[in-house]
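A quick note: this is a predicted structure, and the numbers were derived from the prediction, not measured. Just so it is clear: chains get the letters A, B, ... in the order the sequence lines come, proteins before strands, and each one is counted from 1.
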Amino acid sequence: MNHNVNLAVKVAGVDFKNPLIAASGTFGFGEEYNELYDVGLLGGISSKGLTLHPKDGNEGIRVWETASGMMNSVGLQNPGVEAFIDHGIAQMRHFGNVLIANMGGHSMEDYITGATMLSNADIDMLELNISCPNVKSGGMAFGIKADVAKEVVGEVRKVCAKPLIVKLSPNAENIVDMALACEEAGADALSLVNTFQAMAIDIHKRKPVFNNVYAGLSGAAIKPIALRMVHSVCKKVQVPVIGIGGIYTAEDVLEFVMAGAAAVQIGTVNFNNPLAGADILDDLVHLCQKEGISDINEIRGIC
Amino acid sequence: MRYFESEVIANRQITEDIFVLQVERCGAEAAAGQYYMLKSWDTELTLMRPISIFKAEPDALHFMYRTVGKGTAKMAELKPGDKLKLLGPAGNGYPCDQISGKVAVVGGGVGIPPLCETSKTLQAKGLSVDAYLGFRDVLFAVEDFEPWCSDIFVSTEKGEEGYRGFVTDLLKPENYDVVITCGPEVMMRKVAAMCAETGTTCYCSLEHRMACGIGACLGCSIRTKNGMKRVCKDGPVFLSTDLLW
Ligand SMILES: Cc1cc2nc3c(=O)[nH]c(=O)nc-3n(C[C@H](O)[C@H](O)[C@H](O)COP(=O)(O)OP(=O)(O)OC[C@H]3O[C@@H](n4cnc5c(N)ncnc54)[C@H](O)[C@@H]3O)c2cc1C
Ligand SMILES: Cc1cc2nc3c(=O)[nH]c(=O)nc-3n(C[C@H](O)[C@H](O)[C@H](O)COP(=O)(O)O)c2cc1C
Ligand code: FES
């Protein structure tokens, strides 16, 4: 179909018609962007990050532009797992592509209950966001220490019958150790990276911009670091890796695939160009033709 | 709501830092109080910039903006014939259909431009509109309100022109059925409080930092009496009595 270029990929047994996935938190549940173009063109959509219970998110400024990127402190505002199952899924199913439910949590119990509910619902994959602070361990994120991550992934694995993606934070002490721990605990795939912990100060107010002081950096600024992390993780793990971080163009997609990614997610670029999903896909076909790539899978991990 | 490329017809400098950008309309309905996300760059800046509809004419959209930072500085460089990208029309706009009686529009700074299209729409419905326009020092856009308004009250902070002080000092909400306000939050809060005292219906158009501008990222959420709302999509216009401030 795609002008003699095969873009179809398989991640943890799930078929994607192309490797482009909308990144969690940047695309809602797909509905808004679907007003602008058929988001069913994308390989898949990762839902807004869900938590077991509804969350209002953070107070104060939530988004802040930075050089070649942005910072956010949305704080996982979401309707909760139950409302997602009751309304969000049907809405996302409409698009006809891979439906990924992204879920975060602040305690082991929440992760397990939420994952159990989602596993029994009509989703294709569960993407576990382990970047959230763990309230019990004093706010330290599950995604920082490999042994803490291993425990939560292991417990979720037990209750999750769906393909399980674990989304890694680049703030992990050691991203490769973290990846190996999650793989060992039963992850079917890994996605990386989430946002980098960062800071901005309003010099006029002489105060941090964000109420939480630190916020997550995303966009083009993080791409080279994200690429390095994807590359080094791909060298060590057997499970497929979904590359994320500052992907704005078809060239960026090929870089991540050459670094070893089976698929990619696009986040911040949607804000710069609301048609980014459709545009990158179009460009990817032409770029593959130009580069003599007849199947995107043939270049995976060649670097 | 569409994302499209348009061509600059004119980009006029009105004062030291106020410009009016006129672009080709390219179809699409556009209502008073709505806005567009604009960008005249590729990826040098990450985000598009929300700017209200100042005037919507059959063939052209007008935006009045103040240069405050990187994005608006780039917009100020636009020349006739240049291309730029627009996403919109975005947001709910003022519920002009539901408004009746005598109306006051109360604007401050770059909250003034969207009230021009609003006054025009309300006047076209046969309503009487008075404008209260507050400026820091230099006036702009006042003549644009003249065709649509019965009375125009102007203030500057140090009294260079018009009344010396805040435009809210001149407002008597009890003389109006509906008050519509857009401007700095302190001004809108004051207007809302005055309207609460007299029981006058008051609509506020909020300003908030935005990323997507279409309701997907939750970067612009605010807490209201009806739960969390997205300024970009559920707003920017809210009934003052729904706001928690
Ligand atoms: C719904 C809405 C309608 C608006 N209508 C107008 C208008 O008609 N005329 C006008 O002059 N201005 C208007 N503004 C404000 C305008 O969006 C900002 O002045 C502009 O985004 C500043 O961009 P910058 O790159 O020059 O500033 P920078 O400070 O360099 O911008 C950095 C980031 O902060 C955001 N930002 C900065 N100031 C504001 C602000 N006051 N409100 C929201 N985001 C901000 C920018 O969008 C950008 O993402 C409106 C804002 C909103 C939310
Ligand atoms: C506004 C915003 C909200 C986000 N919300 C979530 C979220 O809820 N869950 C999650 O796992 N990642 C979230 N992310 C992270 C993105 O999914 C992605 O991992 C990150 O932004 C890096 O990719 P990018 O540079 O392409 O944006 C969010 C990012 C942004 C910018
Ligand atoms: S700016 Fe993204 S939801 Fe409002």
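Counting heavy atoms of neighbouring residues, nucleotides and ligands inside a 6.0 Å radius, atom CZ of B:Phe166 does not exceed 12 of them. Atom CG of B:Leu244 is surrounded by more than 12 heavy atoms from other residues, nucleotides or ligands within 6.0 Å.
With a 4.5 angstrom heavy-atom cutoff, B:Ile222 does not touch chain A via any of its atoms. Looking at B:Met37, there are no atoms closer than 4.5 Å to chain A (heavy atoms on both sides), in backbone or side chain. B:Leu47 touches chain A through backbone and side chain together, each having a heavy atom under 4.5 Å away.
Between chain B and the residues A:Ile61, A:Val269, A:Val74, the most heavy-atom pairs under 4.5 angstrom are made by A:Val74. Counting heavy-atom pairs under 4.5 Å between each of B:Ala211, B:Cys220, B:Gly213 and chain A puts B:Ala211 at the top.
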Quick one: do B:Ile18 and B:Val138 satisfy side chain to side chain contact (heavy atoms under 4.5 Å, CB included)? Show the steps, please.
CA-CA 10 Å; B:Ile18 300 279; B:Val138 182; over 6 Å; no
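Contacts of B:Phe140 classified as ring pair (Phe, Tyr, Trp, His ring centres under 6.0 Å), with partners at least two apart in sequence or in another chain: B:Phe135. For B:Pro184, the side-chain contact (heavy atoms from CB on, under 4.5 Å) criterion is met by B:Val186, B:Met187, not counting sequence neighbours. Residues meeting the side-chain contact (heavy atoms from CB on, under 4.5 Å) test with A:Pro208, sequence neighbours left out: A:Met199, A:Val213.
A donor-acceptor distance shorter than 3.5 angstrom exists from the side chain of A:Asn97 to the backbone of A:Leu42, with no hydrogens or angles considered.
In this structure the side chain of A:Lys167 reaches within 4.5 angstrom of the side chain of A:Ile244, judged on heavy atoms.
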Cross-interface N/O pairs, chain A with chain B, donor-acceptor, under 3.5 angstrom:
from: A:Gly28; atom 1: N; to: B:Ala216; atom 2: O; distance (Å): 3.3
from: A:Glu32; atom 1: OE2; to: B:Arg230; atom 2: NH1; distance (Å): 3.2
from: A:Glu35; atom 1: OE2; to: B:Lys233; atom 2: NZ; distance (Å): 3.1
from: A:Asp56; atom 1: OD2; to: B:Arg223; atom 2: NH1; distance (Å): 2.6
from: A:Glu59; atom 1: OE2; to: B:Arg223; atom 2: NE; distance (Å): 3.1
from: A:Glu59; atom 1: OE2; to: B:Arg223; atom 2: NH2; distance (Å): 2.5
from: A:Arg62; atom 1: NH1; to: B:Leu218; atom 2: O; distance (Å): 2.8
from: A:Arg62; atom 1: NH1; to: B:Ser221; atom 2: OG; distance (Å): 3.4
from: A:Glu65; atom 1: OE1; to: B:Arg49; atom 2: NH2; distance (Å): 2.8
from: A:Glu65; atom 1: OE2; to: B:Thr46; atom 2: N; distance (Å): 3.1
from: A:Glu65; atom 1: OE2; to: B:Leu47; atom 2: N; distance (Å): 2.7
from: A:Glu65; atom 1: OE2; to: B:Arg49; atom 2: NH1; distance (Å): 2.9
from: A:Gly69; atom 1: N; to: B:Thr46; atom 2: OG1; distance (Å): 3.0
from: A:Gly69; atom 1: O; to: B:Thr46; atom 2: OG1; distance (Å): 2.8
from: A:Gln77; atom 1: OE1; to: B:Ser221; atom 2: OG; distance (Å): 2.7
from: A:Asn272; atom 1: O; to: B:Lys39; atom 2: NZ; distance (Å): 2.8
from: A:Asn272; atom 1: OD1; to: B:Lys39; atom 2: NZ; distance (Å): 3.2
from: A:Asn272; atom 1: ND2; to: B:Asp42; atom 2: O; distance (Å): 2.9
from: A:Asn272; atom 1: ND2; to: B:Leu45; atom 2: O; distance (Å): 3.1
from: A:Asn272; atom 1: ND2; to: B:Thr46; atom 2: O; distance (Å): 3.1

